[in-house]
Amino acid sequence: LVHEDDRQRLRTYVQAVVATRSPSYRVEYRLAVDGDVWLEGRGRVRFDDRGEVAGMTGSVVDISARKLAEREAAQ
């Protein structure tokens, strides 16, 4: 459901989190349904003894109002 323009950036970001074994993540992206629906995902990544991802927990929050306000302030 990720907007086409954000898919590669999101994929690259998640790959970097895993490759660097980052214990947390925070990323913003749009929904494909409507480019004006913005989400922010935040969470933690758990790695096993081999360094493989054992799980990810977190939350997703609608940040559309904030993104709209930022866009209006920039005009």
Side-chain angles (χ1 to χ4, degrees):
L1 295 175
V2 175
H3 192 282
E4 182 178 330
D5 293 344
D6 295 343
R7 286 181 190 154
Q8 186 57 48
R9 179 180 54 81
L10 183 59
R11 185 177 296 118
T12 300
Y13 178 80
V14 170
Q15 289 170 343
V17 166
V18 171
T20 61
R21 292 179 173 71
S22 177
S24 63
Y25 64 91
R26 179 176 178 231
V27 65
E28 298 176 357
Y29 56 93
R30 293 170 288 173
L31 287 182
V33 184
D34 181 349
D36 286 332
V37 176
W38 280 88
L39 301 176
E40 178 183 75
R42 290 184 181 203
R44 308 215 37 81
V45 183
R46 227 174 358 98
F47 296 91
D48 64 18
D49 294 338
R50 297 179 315 236
E52 300 291 327
V53 175
M56 296 174 79
T57 58
S59 63
V60 176
V61 177
D62 183 339
I63 60 168
S64 301
R66 186 188 89 205
K67 290 301 228 182
L68 177 61
E70 289 172 357
R71 190 169 52 217
E72 289 175 353
Q75 293 178 353

Output, in order, the C-alpha distance, side-chain angles, deciding distance and verdict of side chain to side chain contact (heavy atoms under 4.5 Å, CB included) for Val27 and Leu10.
-> CA-CA 8 Å; Val27 65; Leu10 183 59; 3.6 Å; yes
Got more than 12 heavy atoms from elsewhere within 6.0 Å of CD, Glu4?
-> no
Looking only at heavy atoms, what is the nearest atom pair of Tyr25 and Met56, with distance?
-> CE2-CE, 3.7 Å
Taking side chain as C-beta onward, heavy atoms only, is Val2 less than 4.5 Å from Leu31?
-> no
In Å and rounded to the nearest 0.5 Å, what is the OG1 to CZ distance from Thr57 to Arg46?
-> 7.5 Å
Roughly how far, to the nearest 0.5 Å, is CD of Gln75 from CD of Glu72?
-> 7.0 Å
Intermediate values then yes/no, side chain to side chain contact (heavy atoms under 4.5 Å, CB included), Asp6 and Tyr13 | CA-CA 11 Å; Asp6 295 343; Tyr13 178 80; over 6 Å; no
What pair of heavy atoms forms the shortest contact from Asp48 to Ala54, and how long is it?
-> N-CB, 4.0 Å
Do Arg71 and Asp36 sit within salt-bridge range, that is, some charged N less than 4.0 Å from a carboxylate O?
-> yes
Any ion pair linking Glu28 and Arg66 (charged N to carboxylate O, less than 4.0 Å)?
-> yes
Quick one: does Tyr29's side chain get under 4.5 Å of Arg7's, heavy atoms only?
-> no
Where Val17 and Ser24 come nearest, the two heavy atoms and their spacing = CG1-O, 4.3 Å
For Ser64 against Val37, the heavy-atom pair lying closest together | OG-CA, 3.3 Å
Spatial distance of atom CH2 (Trp38) from atom CZ (Arg30) [nearest 0.5 Å] | 4.5 Å
